[in-house]
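Shown next, in structure tokens, is the structure this report addresses.
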Amino acid sequence: MADRIVGRRSVLDGLVLPARNGIVSVIEATPAARFIYRGDPGLIGDAFGIALPTTPMQARASGARAALWLGPDEWLLLAAASEATTVAAAVAGKPAALVDVGHRQVGLSVSGPRAAALLNAGCPLDLDEAEFPVGMCTRTILAKAEIVLWRTASDAFRMEIARSFAPYVVAFLVEALHGIDR
Amino acid sequence: MLLIHCPYCRMARPESEFRYGGEAHVVRPAEPANVSDADWAAFLYMRANPKGIHAERWRHVHGCGRFFNALRNTVTDQILRTYPAGTPQPALDAHAEDGR
Amino acid sequence: MAGLHRTNGGGRIDRKKRLSFTFDGKSYEGVAGDTLASALLANGVHLVGRSYKYHRPRGILSAGAEEPNALVAVDRGDGRSAPNLRATQVELYDGLVAESQNRWPSLAYDVGAVNGLFSPLLAAGFYYKTFMGPRLLGSNWAWHKIYEPLIRRAAGLGKAPTQPDPDRYANGFAHCDVLVVGAGPAGLAAALAAAESGARVILCDEQAELGGSLLSEWSIEIDGVPAAAWLAEAVRTLAASPRVTLLPRTQAFGYFAQNFVALAERLTDHLAKPEPSAPRERLWQVRAKHVVLATGAIERPVVFPDNDRPGIMLADAARTYVNRYGVRCGSRAVVVAACDSGYATALDLRRAGVDVAMIVDPRPSGGSAVSGAVKAAGIAVETGATVIATRGRQRVSAVQIGRATSGTWVRCDHVLMTGGWTPSVHLFSQSRGKLAWDEAAQAFLPASVAPGQSQRSVGACRGAFGIAAALEDGFAAGGEAVGWAARARDFKVASDVADFSGVLGASNPGAHESKAFVDFQHDVTVRDLKLAAQEGFRSIEHVKRYTTTGMATDQGKTSNLNALAIVADHLGKPVPAVGLTTFRQPYTPVTFGTIAGASRGDLFDPVRRTPCDGWAQAVGAVFEDVGAWKRARHFPEGSEDMHAAVARECRIVRSAVGMFDASTLGKIEVVGPDAAEFLERLYINPFQKLGVGRCRYGVLLNEAGFIIDDGVIGRIAADRFHVTTTTGGAARVLNMMEDYAQTEFPELKVWLTSTTEQWAVIAVQGPKAREVLAPLVEGVDLDATAFPHMSVKAGRICDVDARIFRVSFTGELGFEINVPADYGAAVWEAVWREVQKHGGCAYGTESMHVLRAEKGFIIVGQETDGTVTPDDVGLGWAIGKSKRDFVGLRSLSRPDIVRSGRKQLVGLLTADPKLVLEEGAQVTAEAKPRVGTPALGHVTSAYWSAKLGRSIALALVADGRARIGARLNIPMPSGDVSVDVVAPVFLDPKGERLNG
Ligand SMILES: [Zn+2]
């Protein structure tokens with residue numbers, strides 16, 4: 001039976017991620033359990049460990065768990081891979097929708113003093129910290145791909161990208177890095 | 001590229017995140033079976049296409065995903081007001097008409 | 001020596017840093033800080049180009065972006081060739097190679113030069129008259145021998161590069177509180193004021209150095225210090241502000257709605273050895289809360305006969321060359337000054353050692369500056385006169401000064417002219433602001449800002465001339481932009497020119513109008529403009545198109561207002577009554593590379609690949625594009641062509657087993673207590689009674705009743721459905737579902753989530769499918785009764801959680817394994833090992849098409865085209881008969897949908913079984929149909945069926961089902977093809993294989 005055990009292969013395997021010392025670095029975010037929760041935010045209660053933010057474009061995080069507002073009835077829930085079943089149990093039986101998207105998308109962490117400038121090569125939003133503060137998240141676009149963008153620190157963002165768009169996004173960032181000042 | 005105020009994100013966002021959705025306030029009959037052929041054809045195909053203020057649907061497809069309505073002046077291409085889907089078309093005061 | 005004509009000191013150049021360059025193959029030397037134009041002038045080179053129509057010798061007219069004559073091509077090798085660059089903007093670097101344009105074989109001896117005898121042919125409207133000519137003449141000879149070569153030669157300046165552009169181009173979205181366009185005194189002051197408040201400021205300027213006109217000032221003092229020192233301090237202050245971004249070499253070229261401004265930044269063109277990986281240019285897409293336009297003004301030429309000889313240039317350009325670049329444009333100058341600024345030029349030239357022979361002022365009483373310094377310097381001034389003729393073949397050698405037609409000849413080697421200043425309102429006009437004619441300024445000035453734009457024009461571009469006025473205007477606007485209420489600041493400027501008024505139009509109307517040039521780049525003369533007016537053109541927009549004035553690459557920056565005044569004068573109308581032509585983007589030409597940015601080559605569009613794609617690539621699959629996806633079309637073995645590979649793949653699926661990557665199918669998880677009700681309202685099928693674990697083939701219509709998508713829908717739980725869509729329809733269907741969920745049926749508790757990319761989907765199809773899966777699955781009974789056709793089970797395969805569907809798009813026993821995408825590749829490989837054990841194969845989309853066509857299964861978009869109803873393609877059975885409503889139901893009883901004669905799906909069998917029809921071919925009742933015979937329909941799918949040993953086709957044919965058994969005709973260019981109409985199921989109509 002051992003030959004039946006198959007390994008997980010990330011779409012990012014084998015891709016060279018853009019990085020320049022002291023300027024910006026892009027790494028694959030820790031693999032995670034990911035769910036889309038849709039419905040009444042109150043129904044999930046304390047079961048997820050974080051109250052779902054109801055302020056538009058706000059993310060709440062605690063440890064490895066995070067809840068990202070994507071729309072008025074839609075949240076992206078992130079948790080450690082080992083917690084997937086716990087999260088599913090939290091919503092079981094409730095009149096709401098919890099859908100596993102753990103393989104639908106991949107995460108990238110973009111950090112460094114020029115992280116915002118790198119993203120602004122393809123993202124039309126104002127990423128000045130006053131306009132897009134730490135804890136803000138939204139679906140938006142990066143060049144010709146849709147992404148979820150979440151500012152996790154003054155100089156760090158987490159991006160979530162649909163699986164098949166990830167090679168494009170990585171290639172775009174590699175290209176865009178050439179345009180970032182030394 | 002226009003900036004469009006999303007009433008759900010409560011923020012002006014770039015046009016490239018949105019998708020146009022045609023004329024707003026075209027009501028789908030509650031009982032289509034009871035609608036005459038002529039009225040059904042009007043529901044399907046007849047649109048106002050005004051020169052001036054047009055109530056139209058947009059979707060913040062690469063944002064919060066919500067459909068909403070906008071009042072746009074088709075002469076100047078200015079979006080004067082946006083409001084949630086399912087709410088009535090707001091009246092415009094003279095101030096809004098010049099886009100402030 | 002870096003140029004014989006270089007002054008000994010001063011200017012913003014570094015005389016010690018010598019740079020060598022070539023122009024038309026000849027080597028020259030310039031210095032750091034030069035432009036190509038200043039370096040050529042320093043070497044005494046005035047002749048730099050030939051004119052567009054007449055190939056007249058032309059020299060450098062200006063010192064900036066407005067240059068109409070000095071267009072050059074710069075070639076850096078390897079495809080790095082840029083035509084139509086203005087030599088006045090090309091920064092010199094060591095090793096620069098530049099070529100003149102529009103001349104053959106050389107600048108000095110251009111065989112294309114048109115003499116006076118031939119030139120009437122090229123008068124106003126020559127394009128239109130020439131195109132009309134051949135018909136009037138009734139002769140092809142004239143067209144081929146005269147007109148076409150003429151038009152072709154004149155059809156453009158410069159040569160487009162033939163190699164792909166090897167450079168990369170960057171893009172940046174930027175946001176700021178205040179965008180200041182133009183870093184002259186007005187723009188600098190605006191930026192300083194805005195920056196003081198801590199606002200985010202972007203200051204851009206097309207030149208290499210910030211400063212605008214201050215870069216060329218020698219004698220002026222601002223707040224007690226020389227202009228250059230004031231400038232240095234201002235730039236230092238701005239550079240030290242962390243919220244200020246300074247963008248030199250950056251042209252604002254487009255101003256769009258809601259303060260969206262496009263800037264093109266030149267990053268490497270000025271470098272001798274740019275780093276190969278560095279981008280050449282960057283497109284900035286700036287969204288500004290406020291925009292301050294400080295775009296200055298452009299000096300107007302004076303219109304007099306033969307005013308286009310090399311050596312005749314704009315006065316302020318000569319002042320810039322001498323003050324900024326330390327270059328004397330000649331040794332003896334005549335200054336034609338219809339504006340006081342020309343007097344300042346004369347003084348600066350005199351100081352630099354140029355002999356100023358005379359100032360000629362067309363204004364009857366001359367300028368107010370006459371009395372002071374000019375007289376003291378002993379420069380002769382002739383008022384109320386102008387230049388009435390010039391001499392000199394490739395460089396001006398003398399001018400005739402006088403009134404009307406008589407005058408005296410004055411020897412000179414350059415002529416400096418100023419007709420006054422035209423405010424640069426291009427960007428303001430692009431922003432849809434309204435311009436108004438200002439009688440006092442004799443110019444169009446910004447009058448009202450367009451709604452939605454928050455913007456101020458400051459300084460010369462709004463008629464506030466002079467350095468003090470510009471500084472004060474700019475500072476006030478910069479403060480206002482960040483919310484300061486009327487905070488003003490006085491600037492003390494010494495030696496400022498006070499009066500910038502000038503003259504418009506021809507300086508000596510009536511004299512030699514055919515050689516008095518208005519638009520230098522397009523060779524439009526006073527005579528051309530008057531001819532257009534005589535021929536009945538009244539609107540300046542029409543005159544522009546007829547004469548082509550202002551339509552060259554410079555868009556008439558130096559010529560438009562003179563042209564307007566000449567036409568107005570001829571028509572006897574005031575200038576504003578003739579109108580103003582539209583200012584269009586871009587302000588100066590922008591490279592395609594800058595606009596394309598990263599969107600080229602592999603990054604032109606995202607390419608989507610499935611989790612199993614790597615395996616297909618490794619085994620040499622041939623791919624096809626389906627939307628943005630790459631799908632394996634077939635898997636050739638050895639030297640197989642597609643036909644052979646598809647025949648083999650189909651045969652193996654029917655006889656053993658095949659596996660197929662169906663991951664691109666759209667997938668939507670529809671969840672909630674009202675999920676079944678929602679699907680009932682969307683799809684034609686009933687869903688309420690569909691049992692958990694069962695599947696249904698769903699058909700989706702639009703409200704007009706036409707099929708727009710289809711797919712298998714499985715019920716995973718009472719409140720959870722796994723909906724599949726076509727590959728191309730995934731986003732569209734989700735958008736439509738969201739639309740109905742949000743706006744039509746908001747009362748339903750149902751939520752949608754795209755899971756297309758969550759699952760890798762492996763179809764295993766064929767009589768051996770069960771044997772392939774059996775050793776891999778756990779907890780799933782694959783038995784036909786336990787797991788019947790059209791059902792779905794959760795289970796495990798290769799130790800991975802899976803959703804396994806028993807479905808078939810081939811007509812064979814089949815399963816579709818859904819596993820989380822990151823496991824897709826490994827599960828595929830495990831299934832492949834089993835498939836091989838049973839003599840199976842992988843098959844691609846082409847075989848999939850054949851296999852489904854043999855069964856008469858439709859493909860949305862192939863059998864349907866947006867005008868096809870369920871009944872048309874034989875899917876009427878799928879409609880839930882007791883349903884009162886679903887999207888499109890009402891339309892199915894519209895008169896046009898229920899009429900007879902609609903096209904219906906049928907099968908076609910060619911009389912010759914070897915002949916495969918062409919998809920899209922028309923179907924007619926009779927052979928050899930007469931022209932105009934309406935077609936009965938068309939072929940939608942046509943394949944070679946290896947299983948049946950013959951060709952098959954599907955078609956939409958009027959009243960098709962009633963024609964089954966009839967013989968119809970397919971008219972083809974090679975002859976008519978006879979076909980028999982049959983039912984659209986060619987194989988196993990009872991479905992015994994699929995239920996096996
Ligand atoms: Zn939104």
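Chain letters run A, B, ... following the sequence lines, proteins first, then strands; residues in each count from 1. Just so it is clear, the model here is predicted, and its values are computed rather than measured. Scope of the values below: all heavy atoms of this structure, side chains included, with no hydrogens, waters or symmetry mates.
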Residues of residues 47-66 of chain A within contact distance of chain C, non-hydrogen under 4.5 Å
none
Going by residue number, which parts of residues 94-104 of chain A are within reach of chain C, meaning a heavy-atom gap below 4.5 Å?
A:P95, A:A96, A:A97, A:L98, A:V99, A:D100, A:V101, A:G102, A:H103, A:R104
Looking at [options], which has the largest count of heavy-atom pairs under 4.5 Å with chain A?
options                        : result
C:V671, C:T753, C:D822         : C:D822
C:P820, C:A170, C:G172         : C:P820
C:P611, C:S663, C:G672, C:A174 : C:P611

Counting only heavy atoms closer than 4.5 Å, note whether [X] contacts chain C via side chain, backbone, both or neither.
X      : answer
A:L119 : neither
A:A162 : both
A:Q105 : neither

Only residue of C:E265, C:R266, C:R249 satisfying side-chain contact (heavy atoms from CB on, under 4.5 Å) with C:R282 is C:E265
I need the minimum non-hydrogen distance between C:A662 and C:R631, along with the two atoms involved.
CA-NH2, 4.0 Å
If I take atom OG1 from residue C:T727 and atom CG from residue C:L665, how far apart are they, to the nearest 0.5 angstrom?
5.0 Å
Measure the spacing between CZ of C:F260 and NE2 of C:H175 and express it to the nearest 0.5 Å.
8.0 Å
Answer with side chain, backbone, both or neither: which region of [X] has an atom nearer than 4.5 Å to a non-hydrogen atom of chain A?
X      : value
C:T756 : neither
C:R287 : neither
C:D605 : both

Just jot down the side chain to side chain donor-acceptor pair (under 3.5 Å) partners of C:D177, sequence neighbours excluded, or say none.
C:K289
For A:D128, side chain to side chain donor-acceptor pair (under 3.5 Å) partners two or more places apart
C:R243
